[in-house]
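This report refers to the structure that appears directly beneath it.
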Amino acid sequence: MNLNLIIFFYDVVTYDNFIIVITEFEIFIISEITYKVVKEIPLPEIYTKMEINERNIKFICLDGSEIDFDMNKI
């Protein structure tokens with residue numbers, strides 16, 4: 001797997017057979033089985049934190065905006 005990032009890298013989290021790569025303005029969800037990007041989630045502002053509630057993940061940005069992502073949709 002080769003993932004070229006042109007924005008700042010923040011963190012990597014493994015969750016339920018997925019690798020979540022967090023960058024300044026984008027989230028990449030990668031399959032742990034195939035090591036392919038299965039979802040790219042653009043963020044409206046700089047990433048600040050992530051909240052996990054079962055299969056729902058909320059990405060919270062610096063300006064207070066939130067992106068809710070349902071892992072069941074993958």
Side-chain angles (χ1 to χ4, degrees):
M1 179 178 70
N2 185 9
L3 189 61
N4 293 321
L5 303 176
I6 58 171
I7 47 183
F8 291 115
F9 167 80
Y10 279 17
D11 201 2
V12 171
V13 177
T14 58
Y15 178 74
D16 195 35
N17 294 321
F18 293 99
I19 302 166
I20 302 171
V21 177
I22 303 166
T23 68
E24 187 175 28
F25 288 106
E26 195 163 20
I27 308 295
F28 296 92
I29 300 180
I30 301 165
S31 168
E32 280 187 334
I33 298 166
T34 64
Y35 292 103
K36 295 195 183 283
V37 176
V38 293
K39 185 71 177 175
E40 294 179 37
I41 305 168
L43 298 175
E45 183 56 68
I46 297 172
Y47 169 86
T48 56
K49 68 180 178 177
M50 174 176 63
E51 295 176 357
I52 298 175
N53 183 10
E54 295 182 14
R55 302 268 307 157
N56 187 43
I57 300 177
K58 182 184 294 185
F59 301 102
I60 302 168
C61 298
L62 188 61
D63 66 353
S65 58
E66 300 175 351
I67 302 291
D68 286 319
F69 183 74
D70 184 356
M71 293 294 285
N72 291 316
K73 293 184 179 179
I74 296 179

Shortest non-hydrogen pair, Glu45 vs Cys61, comes out as O-SG, 3.5 Å
Those residues at least two apart in sequence (or on a different chain) that pass side-chain contact (heavy atoms from CB on, under 4.5 Å) with Phe9 are Leu5, Val12, Val21
Value for CG (Asp70) from CD1 (Ile57), rounded to nearest 0.5 Å, stands at 9.5 Å
Side-chain heavy-atom pair Val13, Met50 within 4.5 angstrom cut-off:
yes
Rounding to 0.5 Å, atoms CD1 (Ile22) and CZ (Phe59) come to a distance of 6.0 Å
Taken to the nearest 0.5 Å, the spacing of Tyr47 OH from Leu62 CG works out to 12.5 Å
Applying salt bridge (charged side-chain N to carboxylate O under 4.0 Å, His left out) to Lys49 and not counting sequence neighbours gives Glu51
Residues Ile60 and Glu66: closest non-hydrogen pair is CG1-CG, 4.1 Å
Worksheet item: Given side chains that start at C-beta, do those of Glu26 and Leu43 come closer than 4.5 Å, heavy atoms only?
Response: no
Quiz item: Does Phe8 CZ have over 12 foreign heavy atoms under 6.0 Å away?
Solution: no
Fill in: Flag side-chain contact, heavy atom, 4.5 Å: Lys58 against Ile67
no
Distance col, row Phe25:CZ vs Ile7:CD1, nearest 0.5 angstrom, shows 7.5 Å
In Ile33, Ile30, Ile74, the residue satisfying side-chain contact (heavy atoms from CB on, under 4.5 Å) with Phe18 is Ile74
- prompt: Would a 4.5 Å heavy-atom cut-off, applied to side chains only, mark Ile29 and Met71 as touching?
  reply: yes
Check your understanding: What do the steps show when you test Ile20 against Ile27 for side-chain contact (heavy atoms from CB on, under 4.5 Å), and what is the final call?
Key -> CA-CA 7 Å; Ile20 302 171; Ile27 308 295; 3.7 Å; yes
With sequence neighbours left out, the residues meeting salt bridge (charged side-chain N to carboxylate O under 4.0 Å, His left out) with Glu32 are none
So do the side chains of Ile41 and Phe69 get within less than 4.5 Å of each other, counting heavy atoms only? yes
message: Is any side-chain heavy atom of Glu24 closer than 4.5 Å to one of Tyr10?
response: yes
